[in-house]
Each structure stands twice: as C-alpha cells, then as structure tokens.
Amino acid sequence: MTLLIFNNEKGFSPKNIESICGVGRSTKKGNRQRGYIGEKGIGFKSVFLITSQPHIFSNNYQIRFNEFPTPDCNLGYIVPEWVDNNPTLSDVQKIYGRSKPLPTTTIILPLKSDKVSAVKHQLSTVHPEVLLFLTKIKRLSVREDNEDPGLNTVNAISISRDCDYYMWKQKFPVRVDSEVERRREVEEWMVTGFPFIIQADFILASSRETILLDNKWNKGILSCVASAFVSAFDSLLKTSQATPDFSLPPIFKFLPVNSSAYPELDSVRMAIKEKVVSENFIPCESYTNQRIFCKPGEVGRLIPDLWDILADARKQGVGLEDLSSHGTYILSSAFDAPQYNDILEFLGVDYVDANWYAKCVTGSNLVMGVSEDLYVRVLYYFAENWGDYFHCTNDNKHLAIAFAYFMYHSLKKKCMSEGQVRELCRSMPLVDNYGGLGKNWSGVLVPAKGSKWIGLLGSNPWRRQGFIELSGDYSLAGKYAGLHTPEKSLLKFMQNHVGASDVPCISPPNAAFTTVASPLTRENALLLLKWISNLRNKGTRMPEKFLTCIRDGNWVKTSAGYKSPSDSFLSSSDWGCLLQMGSLLVDIPLIDLEFYGKCIEKYKEELKAMGVMFEFREACQFIGKHFMSLASSRDLTRSKVFSMLKFMRFLREKYLPTEDFVKSVMSGRWLKTVAGMSSPIGSILPDFEWTAASIISHLPFIDSEYYGDEILSYNTELQLLGVVVGFNRNYQLVMDNFEWPLYMASITVNCAFLILECIRHASLSDDLLCNIRRQKWVKTNHGLRSPSECFLFDSDWNCLMSVADDVPLIDVKFYESRIQSYKDELKKIGVVVRFEEASIAVSKRFKALALKNSLTKEQMKAFGVTVEFQMGPRFVITGLCVPTYSAGIAPDSVIALLKCIRNLKSGSVEVSFPKEFASHISKKWLKTVAGYRSPKECILFDSSWASHLERKDGPFIDEDFYGSDIKTYKAELVLLGVTTDVENGLPLLAGHLEYHSCCSVINRIYKYLKMFKWVPDNKTANWVWIPNGDDNGKWVNPVDCVLHDKDDLYSECLHVLDKIYENEMVNFFSMALGVRQSPSVADYIDLWKGWENSKTKLAHNECCAFWICIASNWSKKTEKLLFENIKKLPVISTASGGIALSDKDDVFIPDDMQLKDAFDKANFRSVFVWYPQPSLASVTRTKLYQIYASVGVRTISKSVKIERPFEMKGRGDARNVNKRYAMVRDGLFRIVLAFLSDISLELSMEKRHQTVKCIQKERIEFATYFSQVVSEGLMWDEPDRIGGLSELIKLGCLLKFEKDAVNFLLMTKNLHVLVEDEQFLISEVSSSV
C-alpha cells in the first residue's frame, strides 16, 4: 500500500533539496512574518513514522531517502538516492490520470504494513476546519485507488475554502516577560479564537502533538486569549443590526461553559467569563426596534409560561414596551429557553423577584386590555401562581381617570376657563402605570406605550427623580357622562395642562441609560440628537451622568464599527485626503453618513458637545495617540514606524500641517536606538558625518541594523520629530556623551580632529579635560602617547631637537599640516607648542643626560652654562617658581634664596625684582608659628619684640624651623616685605587676634596695641574678647559692649567690660574701639521691651533705674522712642503691693484721689501707674506723670465719672483721745503735708518736712483759729496758694482735725499724704506726745 501526495505549488528548488537533506536547515525558518511556520528543520523527517523510503518527484528531481544507512556513507534519513525506475513518472501519471497534467510535486510514501490501517482512518476523518489555519492550502482531496472500487475503504473527501466560517484575528504585542530566544524575530502574537479552537504561534513539544503549557511564551499567548475572545464576541454580537433577535443566543454557545482538565486552559476560561460578565452583552426584550444589551447582573429571567401569555397579549395590542421599566431588564425571550440554562447559569443570570411580577401586571394593563379567552388564561395563571409570585393592592383609580375626563370636557365645552383648569390640574391626582394614585410629583411622563422615550431609553430613568409615568388608560378612547373622547385626546390634554412630556421635549434625567452602551437604531440616534438640540436651544444644562453615558457609549455607527462619540469623527472635504492615507495606518472611525443620511450634519454642534471630532488637527492627534498606544504596549513595530513616517511625508507633500501629529508622537519612547528605546527628541540619525563621533562617544544613534538603510530617506520627517539630522557642529553633544573606544588604535585622524574641534567649540569639565590629557591617543614618532607627553614640532626647534632626539613629536605626516591650526587646543590638553616650554622640557632632558654622562664643570662652562654662584642669582630671581605645596619647601631652599638676594645686593646697582618674581613671592611660603604666610604677613621676632610680646603671640617667622641664622637676613627679609620694626607690626598683630583664645596672650596683644595707640580701620569687626575661663570665650562686636553698668541690669544682653578687664584696659576699649561708657536710652528701652515679654513683676530697683534714665535723658527723641516702643507700664499691685506690668491703654494717672480711693477699696486690679515711694530727687512724681502722659496714659478724672451722694455714717467705734493737742497737731500737719504734696508745687520731701517744722508748738492753738495767719506764714513764697491752704485749715478746725474726717476732706480735694510724709508725721507726733 502506497500513499501518493500531489502538490501543484512551484515545486522544490535546489535550496529546498539541500535543506531537506539536512537537520535544522529549514528554508522557512525566520519567515514567520510571511506565514511560514518552519522551526526545527526536521518536519519532513516525520514521514519515517509511516514509511521507510519516501520519494520526491519535483522539478526534474527524482530522489528517495532510506530509513536505514546507505552502503556508500553509512548514513540514513538524510542521504538522497536518484530514482530512475520503480516507480517511474509514467507509473505515477497512470494513477493520477492521463487526462490532466501531473502536478509539479509528487511525494510517494510506501506505507509500512503496521501503519496502513491508521493512515486510512486518519484520512477518512479529516474535517473541513483543518484548512482554517493552513493558509497555504486552498483545496484538499483524498481518494483511494483500487482496480476494484469495491475494495476501497477510505471515504472520498474534497475540502475547499468555499465554506463560511466566522474568524477573528487580533494581534497583541509581545510582553518583555514572555520573550524567548526561539521567537526573537516575532514582535506580535496573532490569536484566532473559534469555539475552543485557538490558533497561535505556540511552541510545541518535540512530537509536535501538544503545546508546552508551562512555557512562558505560550503562557503569554494564553493570557491574550480572553481579550481576543471578548473582542470577537462583541463584534459578532453587535455589528449587524439587521439580524433577527433569535440569531443572537446561539452566539453564546461559543462561551467556554465547561471546565478544562488543564489548569492553564481553565484559567483562560475563567478570564473569558470575568470579561464577559463585566460587559453589556446580554440581549434584553424591548418590544421596540432598539436593541438593548446589559450586563448579566442587571438582567432577569421570567417564568416560562408567562412568555406565552405576553406574546399573545402583544398580538392583541397590549403595550409591553416598558417591560424592563420595573427595576430589572428582562432577558430576551429567544435567549430565555431551557437549552441555554447552562450558559445563563455560567453568567449568573437569575429569575426576577416576586415584586417585579406584581409591577408588571399592574403596569402593563395585562388584565383589562386582552380578549376574554386570554383573560381566562391570565386569571388561571394568576390563581396558580398567586401565592408564589403575585401580591398587589386593590386601588380605586377610576375616580382619578373620571376627574381627568371631567376637566377635559369642561374645558372643551368652555364651562371652565383655561386658568381655572390649570389651577385644578396642579392638585389633580394622577394614575401611574401601576394603577396607583400620585399627588406629588416633580415631573410627568407620557405612557410607555407609543412613547418615544421607551423606544430610546428602554426603561424609565426618571423614576428616582420623582417623575410619574402615566397609566395607559389616559391614551385610550373613552366615554364619560355620555360624551365620547377619541383615542389619545385625553393624553394630549394631559400634555398641555399637566405637563406630561416625552422625548425630545422632556428635561433629561441625571442618570445613565443602558441603550447607548450598544448600537442605536438610526431613528433613535437622530431622536437623541434632536433631544440634545432642543435642550441646547432652551439653554437647559445637561446633567453630568446623562451626558457622560452618551459620550462614552458605543452607539454611533462608524466606518470602524460602533464607537462612542468621543472616539468618532465626522469628516469634511477639507481633510478627505488625510482619511484616505490615515485609514491605511489607523482605522479612523468615521460616522457612517450613508447610514444616518445627510440630516445628521445639521447636528454638528450637538455632536461636538458629545465629543465627536471634526478638525483636521484632531484626526492627526487621533492617529498619533494610536501610534503612542502601540508604543506603550511595545506594539509599534518596524513596519508601523515606517508607516508613521510615510504618513508625515504624505502630509508634507499635500501641504497639510504636521504640528499636531508631531506633538502627539514626538515625546514617546518608541524609536529603537543603539542605547535602547528612546524618544525621537535627542536621538541621532547616523550618517557619514557622525562616523568619527560614533567612535569616541556613546550617543543614541537610531539602530540602522534594525531599520535598515530605508530610515535614511526619512531625514526630513525625523528632523520634524526632534531627531538630530546631520552633525551641524554638535560638538557639545559629543562631549556630553564622550567615551573612549575599547582600543585606542581605532581613533582615526578624523576622531582626533573631532576631539580638538570639541575642545575649541564646546564646554568641557575639568575632569574631562584631565581625562583627555592623560589618555594615550595621540600618534607620535614614538607611538601613541598622552598629550601631556607630546611636542608639536616647529622648524625653529632644530637646535633643541639635536640635543634631545627622544622627544615624542606629534606625527605630522599622519595628521598633516592641519594639526598646526589647533595649537591653542593642543596647549589646553598639555601638548608643548611654544619654544619656551619646549626649552624647559628639553633642558630637563639634557640635565638627565648630563648626569648620566658625568659632565665636568669646565665642560659645562665651555658649553655656555653658568657655573659660578655669583652669576647665578639672576637666574634664580627670573626663574623662581613657588610650588603649590608650601610644606615641600625646605629651610635650606629659603636660606639659599636669601643668599641670592644678598648676593644681588652686594653689587653697586640698586636691587629691583621683576614682576613675575613679585607675583611668585607673594604666595604663602614662609613658615611662621601660625602656619605658612606670605612675606607681607610675617614678622621677624628679635629682642625689640621680647619686651612686649612672646614669639607665639603673632605670625612670627618660625626660628626653630629655619634656625637662628634667619635673623642675620633681616635686610633681605625686609626687601621681601617681612615686618621687622615693632611699631609697624600693629595691623598684623591686631589681625592675628581672632586666632587666639588664651586670655594672657590676648591681654599682652591688647597692651601692645594700647602702647602704640592702635586704632582699627574697621571698628565694626569683632575686636573684643569675652572670656569664659582661661582658654575659652568668644569675640564680639564693640557695639555689643559697654564699659560700665551701674544698675547691674545688662549682664544678659550687653557685655560689661569693667567686670572683665582692669581700668587701664577699659580706657583702651573706649579710646581705640569706641565702646560706650554706659547703656544708652535705646538700650534701656530694649531692656524694658524684654521685660514686657518675659516678666510679670519688676523689682523696685529695676523700675527706679529705668525711669531715672528716661527722666535724666528726657528729650523729644526720647519721647518718640518711648511712645513707639513701650507697650506696658508699671502699676502698683493691689494684691501684693509689688510692681506689675500692664498695657498702657489699661492704666491711668491718679489725679482724682476720691476715684483712686474708690478703685482701691473695690479691690480692683491694678490700674494706677507706679511712682517711686519714697520719692526720688532725680525723678519726681510730677515728672514721672508728665512722662506717662506723653506716651498716651490717660488721667482717671477724664476717664471715669462718679455720681453718688455724700453720706455721713454714724461712727459706732468712736474712741477717746487723751490729748486734744496731739489730735489737732496731727490733723493740722496732715492737711498741710497733703496740700504741699500737690504735684503742681513740685516740692521735694525735704522741703515739705522743713516747712511743717516751722509750726511751733505754742502757735498751734492760735493758728487753729487764725488759719489765715498759718497759711501766710507757710506759703509766703507762693501767695497764690495761701487761700487754698487757709480754707483747708478752716475745714479741719470744723472737723476738729479728726483723722478719718481729715482724710476724707483731703480726698474730696484730690489730695493725699505721701508715704514718706506719713512716716515723718508719725515720728513728729510721737515725739511731741
């Protein structure tokens, strides 16, 4: 038994023959993009499972292979043998049939005896689906050829591609975590989902009979299956609106309801379920032309018998359009069948609850609107299922309907006015679609049957907003009180007078509706647009949820299927050419004008409000965003990059703007460069100008190996995207990405000149310059050397080169004469280019040679070398160079330099140093006890300094380091700028003060400065040392110091120097540094402000000291300072008797003693300003009250008014006075002292007491009766005051000078006895008794 395979393709080529004679050499490998699947190169070898000698006759090749080793080479399977006969071509032609030519290729497989039956069975059971994924085969035929046809056991089969299948193809980007080496050339997966047939580029097991489920490549493919399935499912379910409803449920049989035995495949099944459940896929019963799709969780099933009743009721005209308006969408009747139970259970679709049935019966007029036969069926159905499903109330709605008829006919007969009818209609009860009565509503909907809203929305989204849906009874014809009402006449009345509304006149709900999630019919789409147009014309604002669901719903029919408005375009002739080109790249969803007609164009503004795009720039951005979404998912392949560049070229050639498209794609990281995926901005298109740069830098060049030479033809488009095209003097970019090659020999001439150009034009960091200086990359006559070792030869250097022939000279033959133009750049990186520098370098080399050859002094002298020391100093002076590291200068070197200067001085000519020497010598190279300093900062210490300072006190030259001989070079050091005279060292010693912290050292320096009357140039510097122990403290500014603080108040805020230093030094600080003698008024005011923030009580001495200072320095300036800064003033605390601080707005001057006494007795808080008691000569009470008044303190008399009658109370505690004379004396003295304490008199305490003592004992009685005499005797120098005192004494006599009465009398006269006067009075009276 032999199996013959005929194939009419182009046949075997020499390469094919060569490939089939080997292993792993398949000519199909690497051509997956073209549809080939070859991989291992052993596919043909599988025929050895059923045959031992396969034959191939093709394109004049006639060969066969043997399973067993051939005798010539002892190899089997792959060594071909030529076949001349058995069989021959004529034998094959005879079997095929002589009436038609033999196909190009014939494969002959003599079957092994044990394989015959298996092969026959497999060939007899070939299914048509086998061609679905064999894209290279169009037709397959199988037949058995026996001389006796009765012996044939193989069924004849002929399969072609004429069969109809639904196939979905979708590409997915290869994720990074799924990449494998065996699929490195594959950039995207193609997954085809058919009922559990998944065709993809799986990696198979070696047997090619199963896929490797644990392979990460295969796992990546399987993770895409759910997305591909849902996309296919959505397209199949919703694309065609013309298909009948019963054709939709069979589509759900594609769902993987049954679990898989393989966990990996079962996870795919669950992923498909998860995605399907979250989409609007379930068809619902709508009884309109508008299909409704909902999520499984939003849909309910009905009892099967009810579907038959609903179908018959529908035929009899019962309105069922609002079947899904009772809280749950109802599953399509075609889908709600037993054969789909497993699918519905898989998706979680359950039966509706009992409450829904009650609403449906009352809301659909199912009982009253059917024939008698159907009515009986309905009653029987109700009776059978009442207890399980139905419960409803028996509302009387007829009266409400009758009232509506009454209103209608009353208006029609003009029995009532229009206004009366409208007024009554506001309170008229309405019957809803469930037969219930409603009295309060926010809006009214027309009945669902015959309405536009039910056809567009599918359900009532206004329900939660208080809208009432009218009963269908309002639409029916009726008869009331003998008057006939035509059909829908009453409904029209309700629309005009109750406000019953329908789409497109009703206000939209603030809710989403389901129908826009699926395709809308043409009529509903235009109705929706008209509705929105009406709302815009009325100025009605569309609710957010309503507008959002319209914008996002996939209800608009476009050229790319049904899309949301925000993803759709309405094209115009202006950019039709763009669509023609763009659609080749991106499937631009254009609104289907053929479907909607031209009338949709009048709704442009409405479409724009919903997000539909019209502009050319929006189309460009859409295409750009599509490309960027591909880039973000790594799906922007090489071919798509070129498509994008072609699109840009197309725009340019058509003179269309490219800016919007460029902006949308230029920032994405989608361009493959040698540095990885990058954005176009900053990437570089490689060309010959960048060749040198690519060797010495790591730049993001576009990967030309990946894109090929074709990428170079899009330089203009790439430049628009931000790619750097052409070198264009981008030297800085090269230096920013500079990187040495692995081998320095690869640095070409152009590389070297590019480096020099970069040094000339770019900004290089010090580190990079140093790197270029030390790397060996410059070609010289001694090989590659670093620039710092090289010399740029000049013809004037012949004499030098003859001395040192081993100098590495830059190879001018290699670099040519152009190298001479880069002298400045070469000098920057260390190349010797000047004769002077070359001379120094050569001299060093010559010295080395001289040492090596042991040249004698005479020989050197004969050569012109200066060898005598006396002749050498001038060379030292002119060639002196002080090293940066001063510590490296040995003492001997310094002494040698001083000797050279002395040697120069010994000549008759006056010594003058060159500028270069002065510049070098000004560096810090002389060692002092304070570190290395320049000569001008140094002092030579000798005996003249010892009487004032010690060596450690200043920047004295370190004699221990240089030796005592340094003193012998005093004159030479002076020439260098060193200070040697005591009087000239003041600035240096003063400037060195800040380095000290030892008190004894600082005191010595202070005394030295004082002796020579030093005054600083800058007195604001920190010149004053405030010690804290012997070796600790701080330097402070003289402004922060005072010499004396007599009141001892400023120890915390100022530095008081007489407490730290002796009087001798205190005077120094005053004279030299200008330190103040004592705190100023401003200091006192700052001190007071500090007390205001930190203290609640003051000591008596603190308060006295402050106000004495203010009074002593009183002026307009002091008054202004006090007014602007003082917020609180001292008061006498009534509780403790101490001094408290209170806001100046809350205190008063006690100019009315009666009011003061009233406040004091009321135990009020302290409100009266303080004054010193006893009074002070330096600050009298009068003066202090004036100061208080100047800062805004009010008098108590102007601030408080007291109204109360004077009442003398009887005294029950009268006591006997033993001595009348003492009482009179006490009372009289009290009156006189109080009178004299008046602030206007400004009498001191001593003056008041002396005046009272003038009243002699023998005159008292007489003076009592003759007050005038007493007053004249006391107030002789104040004649204006005699009358006042005389009157007081007379009143005292009337009161018999009783103490309490006198005190009250004084209070009424606004007088009182001061504390010191009280003490004086007690002492005088007691001494007289």
Side-chain angles (χ1 to χ4, degrees), residues 840 843-844 847-848 850-851 857 860 865-907 911-982 984-985 987-989 991-996 998 1001 1004-1005 1008:
I840 295 171
S843 65
K844 290 180 180 179
K847 180 179 179 181
L851 291 173
K857 189 173 181 180
M860 297 287 288
V865 177
T866 299
V867 295
E868 289 83 6
F869 178 76
Q870 291 78 8
M871 302 298 295
R874 59 188 179 87
F875 294 107
V876 174
I877 298 303
T878 56
L880 181 70
C881 181
V882 177
T884 304
Y885 183 60
S886 301
I889 302 176
D892 293 343
S893 300
V894 174
I895 299 299
L897 174 62
L898 296 175
K899 287 181 179 179
C900 289
I901 295 173
R902 178 175 290 177
N903 186 275
L904 286 175
K905 281 177 58 183
S906 62
V911 177
S912 63
F913 298 124
K915 292 182 179 180
E916 290 81 1
F917 177 79
S919 174
H920 287 300
I921 214 70
S922 63
K923 297 179 180 178
K924 297 180 183 295
W925 58 276
L926 267 178
K927 192 173 187 298
T928 71
V929 294
Y932 283 92
R933 301 292 178 93
S934 67
K936 291 184 179 181
E937 297 174 318
C938 299
I939 306 172
L940 182 65
F941 191 87
D942 58 17
S943 58
S944 62
W945 290 87
S947 59
H948 306 289
L949 300 166
E950 295 182 7
R951 194 189 307 277
K952 64 181 180 180
D953 294 347
F956 294 104
I957 292 176
D958 193 343
E959 189 176 327
D960 294 336
F961 182 73
Y962 293 111
S964 59
D965 288 346
I966 192 74
K967 295 179 181 179
T968 63
Y969 294 96
K970 184 175 182 178
E972 289 73 24
L973 289 170
V974 170
L975 286 175
L976 294 177
V978 176
T979 299
T980 58
D981 293 336
V982 176
N984 296 334
L988 292 177
L989 266 300
H992 195 67
L993 266 174
E994 62 178 324
Y995 298 104
H996 291 296
C998 179
V1001 174
R1004 277 199 302 272
I1005 297 175
Y1008 163 74

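Atom set for the values below is all heavy atoms of this structure, side chains included, hydrogens, waters and symmetry mates excluded.
Note that CG of L976 and OG of S922 are 11.0 Å apart. Values are rounded to the nearest 0.5 Å. Interatomic distance, CG of D965 versus NZ of K899, reported as 8.5 Å (0.5 Å rounding). Remark: F941 CZ to T928 OG1 distance equals 13.5 Å, nearest 0.5 Å. Atom CH2 of residue W925 and atom CD1 of residue I921 lie 4.0 Å apart, to the nearest 0.5 angstrom. Taken from CD in E950 to CG in D953, the straight-line distance is 5.5 Å, to the nearest 0.5 Å. Separation of atoms CG (L940) and CG (L973) is listed at 6.0 Å; rounding is to 0.5 Å.
For the residue pair G954 and L989, the shortest heavy atom distance occurs at CA-CD1, 3.9 Å. When every heavy atom of K952 is checked against every heavy atom of V1001, the shortest pair comes out as CE-CG2, 4.1 Å. Counting all heavy atoms, side chain and backbone alike, E937 lies closest to L988 at CA-CD2, 3.9 Å. Nearest heavy-atom pair, Y1008 versus G985, reported as atom, atom and distance to 0.1 Å: OH-C, 3.5 Å. Considering all non-hydrogen atoms of both residues, A887 and Y932 come closest at CA-OH, 3.4 Å. In plain terms, the two heavy atoms of A930 and P955 that are nearest each other are CB-CA, 4.3 Å.
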Quick one, Y962 with K927, criterion side chain to side chain contact (heavy atoms under 4.5 Å, CB included). Give me CA distance, side-chain angles, the key distance, then yes/no.
CA-CA 8 Å; Y962 293 111; K927 192 173 187 298; 3.6 Å; yes
Would you sort out whether D942 and K970 count as a side chain to side chain contact (heavy atoms under 4.5 Å, CB included), showing the intermediate values?
CA-CA 10 Å; D942 58 17; K970 184 175 182 178; 3.5 Å; yes
### Task
Start with the C-alpha gap between H992 and R933, add the side-chain angles, then the distance that decides, and say whether side chain to side chain contact (heavy atoms under 4.5 Å, CB included) holds.
CA-CA 12 Å; H992 195 67; R933 301 292 178 93; 3.7 Å; yes
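Using a 4.5 Å heavy-atom cutoff, the side chains of V982 and L949 are not in contact.
Using modelled atom types, no side-chain atom of Y969 and backbone atom of I901 make a donor-acceptor pair closer than 3.5 Å. At least one donor-acceptor pair under 3.5 Å links the side chain of W945 to the backbone N or O of T980.
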